[in-house]
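Note sheet for the following structure.
Given the structure is predicted, the values throughout are model-derived calculations rather than measurements.
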Amino acid sequence: MFPGMYTSPDDPNRAPRRAATGDDSDTWPGSLRWGYYFSVAAAVVMVLTGLVVLTQDWAGDPSASVDVIDAFRRNLRFIGVFNIVAGLVIAALAAQLKAGGRISRRVLIVVFAITVFCNIAAFAIQVGGLAMVLIVLLLAVAAVMIFRPEANRYIQRMSSLED
């Protein structure tokens with residue numbers, strides 16, 4: 001009759017919340033699926049960015065010292081190769097999310113953290129462009145989605161089936 005904190009089953013305006021059905025099924029939750037999609041998107045952008053960065057060269061002041069030019073080229077090669085390798089590793093580990101492996105998810109988040117650090121550093125020293133920021137955003141969203149509560153329950157349930 002009067003508004004309150006508790007819903008009544010007789011109240012036609014506020015139906016009680018539905019309980020989560022299908023907790024025992026083997027379908028992977030939406031958050032884990034979206035985390036997979038964001039991980040694969042980040043991996044694709046990383047490989048493409050790595051290939052583009054490897055084709056770049058010094059386009060700055062031609063009167064700069066040789067040490068500065070060599071350091072810039074070394075940083076370009078490092079971030080290019082790193083993004084290609086990390087993108088392939090992320091794609092391989094993200095493919096294992098549906099199987100529900102705890103260890104692969106932990107390794108994936110470590111690779112995410114190292115990749116985020118390297119791409120932020122590359123953007124800060126102006127070796128990479130805005131694609132580095134896009135990679136960081138995609139990986140951050142993927143990390144949040146992979147560790148949502150329903151994804152945690154799914155990983156726990158699937159890991160207990162393997163034991």
Side-chain angles (χ1 to χ4, degrees), residues 17 19-60 67-163:
R17 291 185 178 174
T21 58
D23 263 352
D24 55 350
S25 68
D26 289 335
T27 60
W28 55 327
S31 66
L32 194 62
R33 184 173 305 158
W34 278 102
Y36 167 76
Y37 294 150
F38 279 111
S39 298
V40 171
V44 168
V45 172
M46 287 172 66
V47 170
L48 291 176
T49 302
L51 291 172
V52 168
V53 165
L54 286 177
T55 63
Q56 291 180 351
D57 197 14
W58 176 259
D67 292 337
V68 172
I69 295 172
D70 287 341
F72 183 80
R73 286 181 178 152
R74 217 176 14 253
N75 289 336
L76 275 176
R77 283 193 302 268
F78 173 77
I79 199 64
V81 170
F82 176 80
N83 271 345
I84 292 171
V85 171
L88 295 175
V89 169
I90 287 173
L93 289 172
Q96 299 175 16
L97 285 175
K98 187 174 182 178
R102 281 186 285 187
I103 294 174
S104 63
R105 186 172 73 153
R106 289 177 185 161
V107 172
L108 183 63
I109 204 69
V110 169
V111 174
F112 279 3
I114 294 168
T115 304
V116 164
F117 173 76
C118 287
N119 280 298
I120 287 175
F123 183 74
I125 62 173
Q126 298 179 355
V127 173
L130 287 176
M132 304 297 172
V133 176
L134 177 65
I135 291 168
V136 169
L137 289 174
L138 287 171
L139 290 177
V141 171
V144 168
M145 298 305 265
I146 288 171
F147 281 93
R148 298 283 301 162
E150 60 266 11
N152 290 338
R153 285 191 297 270
Y154 175 79
I155 296 287
Q156 183 180 12
R157 185 175 62 245
M158 294 302 288
S159 295
S160 66
L161 292 176
E162 292 175 3
D163 294 340

Between [atom1] on residue [X] and [atom2] on residue [Y], distance to nearest 0.5 Å:
X: Ile90; Y: Leu139; atom1: CD1; atom2: CG; result: 5.0 Å
X: Asn75; Y: Phe82; atom1: CG; atom2: CZ; result: 13.5 Å
X: Leu138; Y: Phe112; atom1: CG; atom2: CZ; result: 9.5 Å
X: Leu93; Y: Ile103; atom1: CG; atom2: CD1; result: 11.5 Å
X: Leu88; Y: Asn83; atom1: CG; atom2: CG; result: 10.5 Å

Review point. Is the Lys NZ or Arg CZ of Arg105 less than 6.0 Å from the centre of Phe147's six-membered ring, within 45° of the axis?
Key: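 Yes, Arg105 and Phe147 form such a contact.
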Practice item. Using salt bridge (Lys or Arg N to Asp or Glu O under 4.0 Å) as the criterion, list what pairs up with Asp67, not counting sequence neighbours. Key: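 With sequence neighbours excluded, Asp67 shows a salt bridge (Lys or Arg N to Asp or Glu O under 4.0 Å) to no residue whatsoever.
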Under 3.5 Å, sequence neighbours excluded: what are the donor-acceptor pairs made by side chains of residues 30-53?
unit_1: Ser31; atom_1: OG; unit_2: Glu150; atom_2: OE2; d: 3.3
unit_1: Arg33; atom_1: NH2; unit_2: Trp28; atom_2: O; d: 3.2
unit_1: Ser39; atom_1: OG; unit_2: Gly35; atom_2: O; d: 2.7
unit_1: Thr49; atom_1: OG1; unit_2: Val45; atom_2: O; d: 2.7

Show me the side-chain donor-acceptor pairs of residues 120-128 shorter than 3.5 Å, one per line, residues at least two apart or across chains.
none

Exercise for review: For residues Leu97 and Ile146, determine if any side-chain heavy atom of one lies less than 4.5 Å from a side-chain heavy atom of the other.
Suggested key: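 Yes. Closest side-chain heavy atoms under 4.5 Å.
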Practice item. Under the side-chain contact (heavy atoms from CB on, under 4.5 Å) rule, what do Thr115 and Val89 come out as? Steps first, then yes or no, please. Key: CA-CA 11 Å; Thr115 304; Val89 169; over 6 Å; no
Review point. Closest heavy-atom contact between Ile109 and Ala143?
Key: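 Shortest heavy-atom separation between Ile109 and Ala143 comes out as CD1-CB, 3.5 Å.
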Exercise for review: List the atom of Thr27, the atom of Arg157, and the distance in Å for their closest heavy-atom pair.
Suggested key: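 Shortest heavy-atom separation between Thr27 and Arg157 comes out as O-NH2, 4.4 Å.
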